[in-house]
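Notes to accompany the following structure.
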Amino acid sequence: MAIYFQGLEPAETRALTRIMMESGERWTWPGDGGPVGDKHSTGGVGDKVSLILAPLCAACGVRVPMVSGRGLGHTAGTLDKLETIPGLRTDLEKEDYDRLLEEVGFAMGGQTGNFAPLDREIYALRDVTGTIESIPLITASIMSKKLAEGPDGLVLDVKWGDGAFMRERERAEELARTMIDVGESFGVPTEALLSDMESPLGRTVGHALELREAIEVLTGRDPEPRLLELTTALAERLLVLTGAAPAEDAARRAVREALEGRAAFEKLVAMVRAQEGDPAPVEDPDLLPRAPILRELRAPRAAVLAALPARRVGRLLVELGGGRRVKGQEIDRAVGLVLPRAVGDRLAAGEPWAVVHARDEAGAEHARQVLESIVVWSEDPVPPRPIITARITGSSRG
Ligand code: URA
């Protein structure tokens, strides 16, 4: 409670992170397999970046032992999206990561319970005392777990805006700087991109739909520009930070080649096989689960799509059955939304701007009412918001 109200000095935040990290297992990696890196996102709506970034970086020579979370509240979790694939094992132990990093180059699993057990205790206390929203406590919580993975470099996607954990840019920037300071004090090159989370990221919200979109980016099928820009920028920075690429232009080339030559997609397929999942729906996304009811929403008049607040969209996914109200709840991975048009696009009258994927008619009707009540139309042009609003580096880097 005192930390929540008073904050911490940088040295205190580092010390707290160390104590939390040292409360559990810490991973090390054999030095001959290439650098190890990871990404952390503070979470958002439609955020499927990890599903693309991990195989992409693996294809470029970075080993990625990604430990992800499940969805709770208005943001969905990477692990839940991955588990749309039948049979895929995500209960990975260190021996599994060792084997997968050697065979495939990356692995994606859940918290095994061995990282920073002290964080779990403290987080539970924060949850019931209303002290989650504290920058030093968030920093120690996230960084103790990420640093325990033993990375050579770390990129942070710190989101701000309506659908983000931090709504204000200034707070997001302060969180980014605090996390970078801790990462670098542990000798791990760490950088952050501040990214926009005013509206959902990409064209889909919902587990199977987001997995499909990630596969489409990896197979070069008309990727949504903002999603592609953010994912490739994070991947490029991770290549540079870990030393897998000597400089930005080499990283950019490597990332482009891994996408265009499909090496990144092949990595995803290899990981699914190695984690005992069925590769068929990855190779043919039409096999992914589909919701039975589709409802198209159309522009009421010729107008510009001016806003679609992300937080309410995230809550709508929960209401459709695609998110958890309480920990451990079953979720419907097929439901969600397809959003073919982006904020700033001009639509003709009657043009589709959203397709609801619902389990039943009542869900589809509820989604229609919610979406039509929150979407904002404008007669005047609306400039698209840049997806990356800043790159933040440590004081020792430029
Ligand atoms: N995610 C975490 O792991 N910890 C926090 O404190 C906040 C988000």
Side-chain angles (χ1 to χ4, degrees), residues 1-8 10 12-27 38-45 47 49-50 65-81 90 108-149 151 154-161 163-168 171-183 186 188 190 192-195 197 310-311 314 323-324 326-328:
M1 195 60 85
I3 296 171
Y4 179 82
F5 285 114
Q6 307 279 3
L8 286 180
E12 293 170 332
T13 308
R14 294 178 204 150
L16 179 62
T17 307
R18 181 174 296 283
I19 292 165
M20 304 224 311
M21 182 183 77
E22 289 178 349
S23 73
E25 196 172 315
R26 293 170 68 183
W27 290 353
D38 199 5
K39 179 213 70 150
H40 177 82
S41 159
T42 56
V45 179
D47 181 6
V49 169
S50 291
M66 196 175 268
V67 179
S68 298
R70 293 193 185 280
L72 190 64
H74 74 281
T75 63
T78 298
L79 215 54
D80 291 319
K81 293 172 200 174
T90 54
M108 298 179 89
Q111 291 286 348
T112 57
N114 306 332
F115 278 150
L118 191 52
D119 171 57
R120 267 202 310 285
E121 306 282 332
I122 293 180
Y123 193 91
L125 278 175
R126 287 165 62 202
D127 204 17
V128 294
T129 52
T131 53
I132 296 283
E133 295 263 341
S134 149
I135 284 177
L137 291 175
I138 294 170
T139 297
S141 169
I142 292 172
M143 294 303 283
S144 61
K145 291 175 285 189
K146 284 286 153 186
L147 292 167
E149 287 177 12
L154 210 47
V155 281
L156 308 169
D157 177 9
V158 182
K159 296 184 183 296
W160 62 281
F165 203 46
M166 299 279 164
R167 287 181 191 234
E168 294 94 34
R171 289 271 294 167
E173 184 164 340
E174 191 186 338
L175 176 63
R177 289 194 188 285
T178 310
M179 290 201 291
I180 290 168
D181 175 74
V182 168
F186 281 76
V188 178
T190 307
L193 297 182
L194 291 193
S195 73
M197 188 25 76
R311 186 170 294 252
R324 294 189 180 85
V326 290
K327 221 170 163 172

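Both ligands and their constituent atoms are indexed starting at 1 by order of listing.
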S41 versus D47, side-chain donor and acceptor atoms under 3.5 Å: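 Result is yes, a qualifying pair exists.
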N or O contact, R126 vs ligand 1, cut-off under 3.5 Å: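 Between R126 and ligand 1, an N or O pair is found under 3.5 Å apart.
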Nearest protein heavy atom with distance in Å, relative to atom 1 (N) of ligand 1: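 Checking every protein heavy atom, the shortest distance to atom 1 (N) of ligand 1 gives I142 CG1, 3.8 Å.
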Ligand 1 atoms in contact with K145 (distance to a heavy atom under 4.0 Å):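 Every atom of ligand 1 under 4.0 Å from some heavy atom of K145: 2 (C), 3 (O).
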Atoms of ligand 1 close to S141 [distance to a heavy atom under 4.0 angstrom, numbered from 1]: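 Once the distances to S141 are compared, the set is 2 (C), 3 (O), 4 (N), 5 (C), 6 (O).
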Euclidean distance, M20 CE relative to M143 CE, rounded to 0.5 Å: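 CE of M20 is found 11.5 Å from CE of M143.
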Inter-residue atom distance L175.CG - E168.CD, 0.5 Å rounding: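 L175 CG to E168 CD: 12.5 Å, rounded to 0.5 Å.
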Ionic contact status for E174 with R177, cut-off 4.0 Å: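 E174 and R177: not salt-bridged.
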